[in-house]
Amino acid sequence: MPELPEVETIRRQLEKEIVGETIVAVWSDRPKMLRPSAERFLKGVKGRKVREVSRRAKLLIFELDEGYFVCHLRLSGRLFVRQKDDEADDYAHVILKFKGGQELRFSEMRLFGYLADQEALGGILSKYGPEPLDDLTADKFYSILRKTSRPVKIVLMDQHKIAGIGNIYANDALFLAKIHPQTPADKLTRGRSDILFTAIEQVFKEGLKYGGASDQWYLQVHGEEGSYQDYFKVYGRTGQRCDVCGTEIERVALGGRGTFFCPECQK
DNA sequence: CATGGGTCCTGAGTGC
DNA sequence: TGCACTCAGGACCCAT
């Protein structure tokens with residue numbers, strides 16, 4: 001699932017590919033993926049030029065010469081940069097067509113992802129928590145954790161508390177920090193909070209270094225896979241041996257999400 | 001405000 | 001081989 005490292009990898013690639021392009025048309029066979037509606041979305045972007053591609057949490061933000069729109073990849077979303085005569089992409093439900101024949105194709109098997117204009121977003125961008133690689137500090141992180149007794153993994157994944165952490169990196173960061181996912185957030189000492197904060201930075205940097213994790217659907221803008229999935233520590237590794245102690249990795253459900261940990265290293 | 005459950009959607013996986 | 005069924009999963013919505 002695209003999390004901060006995957007979305008940031010795509011952002012960096014898009015920045016090189018589509019800045020300066022002018023949107024001349026939008027095609028879709030699933031108009032519900034365009035917000036607030038296909039008609040209004042089209043009206044907001046047609047004829048506009050892409051000035052910059054930025055990111056907030058897991059949202060890609062396309063800054064235009066007038067206004068902006070965003071894209072959320074949710075579970076199985078992919079963005080491909082293609083030429084108009086390139087062969088079709090599976091599950092491509094929205095295509096932005098640029099002047100000159102280049103295209104930005106939004107492929108989304110589960111149909112949870114969306115493109116939204118400013119109007120459809122309301123104020124949601126300001127409701128996200130701090131960016132882990134940017135404005136989050138060890139102090140802020142500790143103060144977030146001590147305010148709730150929910151399991152620490154649930155807190156990590158709460159976008160309103162901290163932005164950009166999803167299931168893969170939450171599991172792997174907790175493993176690196178040797179913290180059990182179910183630990184109540186407010187039971188962590190300042191020292192362990194600091195270790196977890198560093199672990200989050202570490203797994204995100206590693207994810208970025210490998211171009212993201214392509215364990216299910218995620219692909220980069222030309223269809224390449226990332227390779228962080230080859231370096232998963234616990235995520236998706238039920239029954240395999242822990243790299244540190246050799247104990248079998250376990251899986252439990254926490255908040256309805258698959259949760260992976262080493263019962264020996266993470267107590 | 002904090003918390004937890006339901007919901008969306010479809011391919012993959014399971015059982016027969 | 002193929003059918004019917006269940007499940008995963010991010011974030012929003014709603015009830016408590």
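Below, chain A is the first sequence line, B the second, and so on; all start at residue 1. Side chains are part of it too, since the values below use all heavy atoms of this structure and drop only hydrogens, waters and symmetry mates.
- Between A:Arg30 and B:dC8 there is no side-chain polar atom (N or O) within less than 4.0 angstrom of OP1 or OP2.
- Remark: ring of A:Phe112 overlaps the six-membered base ring of C:dG10 in a stacked fashion, centroids less than 5.5 Å apart, planes less than 30° apart.
- Residue-level contact check: A:Lys58 touches the backbone only, with heavy atoms under 4.0 Å from sugar-phosphate atoms and none from bases.
- Atom pair A:Tyr114:OH and B:dT7:C1' shows a separation of 16 Å (rounding to whole Å applied).
- Remark: A:Arg74 is not in phosphate contact with B:dC9, judged by side-chain N or O atoms under 4.0 Å from OP1 or OP2.
- Here the side chain of A:His160 is nearest to one of B:dT3, C:dC12, C:dG9, namely C:dC12.
- With distances taken from any side-chain atom of A:Trp217 to the nucleotides C:dA8, C:dG10, B:dG11, the minimum falls on B:dG11.
- What separates CZ of A:Arg251 from P of C:dC7 is a distance of 11 Å, to the nearest Å.
- Between the CD1 atom of A:Ile154 and the C1' atom of C:dA11 there is a distance of 13 Å, given to the nearest Å.
- A:Gly256 comes within 4.0 angstrom of nothing in the nucleic acid, heavy atoms only.
- In this structure, the CG atom of A:Leu111 is 9 Å from the C1' atom of B:dC8, given to the nearest Å.
- Distance, A:Asp158 CG to B:dC1 P: 14 Å, rounded to whole Å.
- Across all strands, A:Ser76 comes closer than 4.0 Å to no nucleic acid atom at all (heavy-atom distances).
- The backbone N or O of A:Thr247 sits nowhere less than 3.5 Å from a side-chain atom of A:Glu264 that would complete a donor-acceptor pair.
- Of the options A:Asp90, A:Asp86, A:Asp89, a salt bridge (Lys or Arg N to Asp or Glu O under 4.0 Å) to A:Arg105 is made by A:Asp89 and by none of the others.
- The pair A:Asp172-A:Arg237 does not count as a salt bridge, with every side-chain nitrogen at least 4.0 angstrom from each carboxylate oxygen.
- Here A:Leu75 lies in heavy-atom contact (under 4.0 Å) with a base.
- The residues A:Glu206 and A:Lys233 are annotated as salt-bridged, a charged nitrogen and a carboxylate oxygen being separated by less than 4.0 angstrom.
- Computed from coordinates, the A:Glu108 CD to C:dG10 C1' distance equals 10 Å when rounded to whole Å.
- Going from atom NZ of A:Lys161 over to atom P of C:dA11 covers 14 Å, rounded to whole Å.
- If you find the closest nucleotide of DNA chain C to A:Tyr128 and to A:Arg110, the one lying nearer the 5' end belongs to A:Arg110.
- A close approach under 4.0 Å does occur between a side-chain nitrogen or oxygen of A:His72 and OP1 or OP2 of C:dA11.
- When the C1' atom of B:dC1 is taken as reference, atom NZ of A:Lys127 falls 14 Å away, rounded to whole Å.
- For A:Arg257 against C:dG10, a side-chain-to-base donor-acceptor contact under 3.5 Å is present.
- In summary, A:Arg51 and A:Asp65 do not engage in a salt bridge, as defined by a charged side-chain N under 4.0 Å from a carboxylate O.
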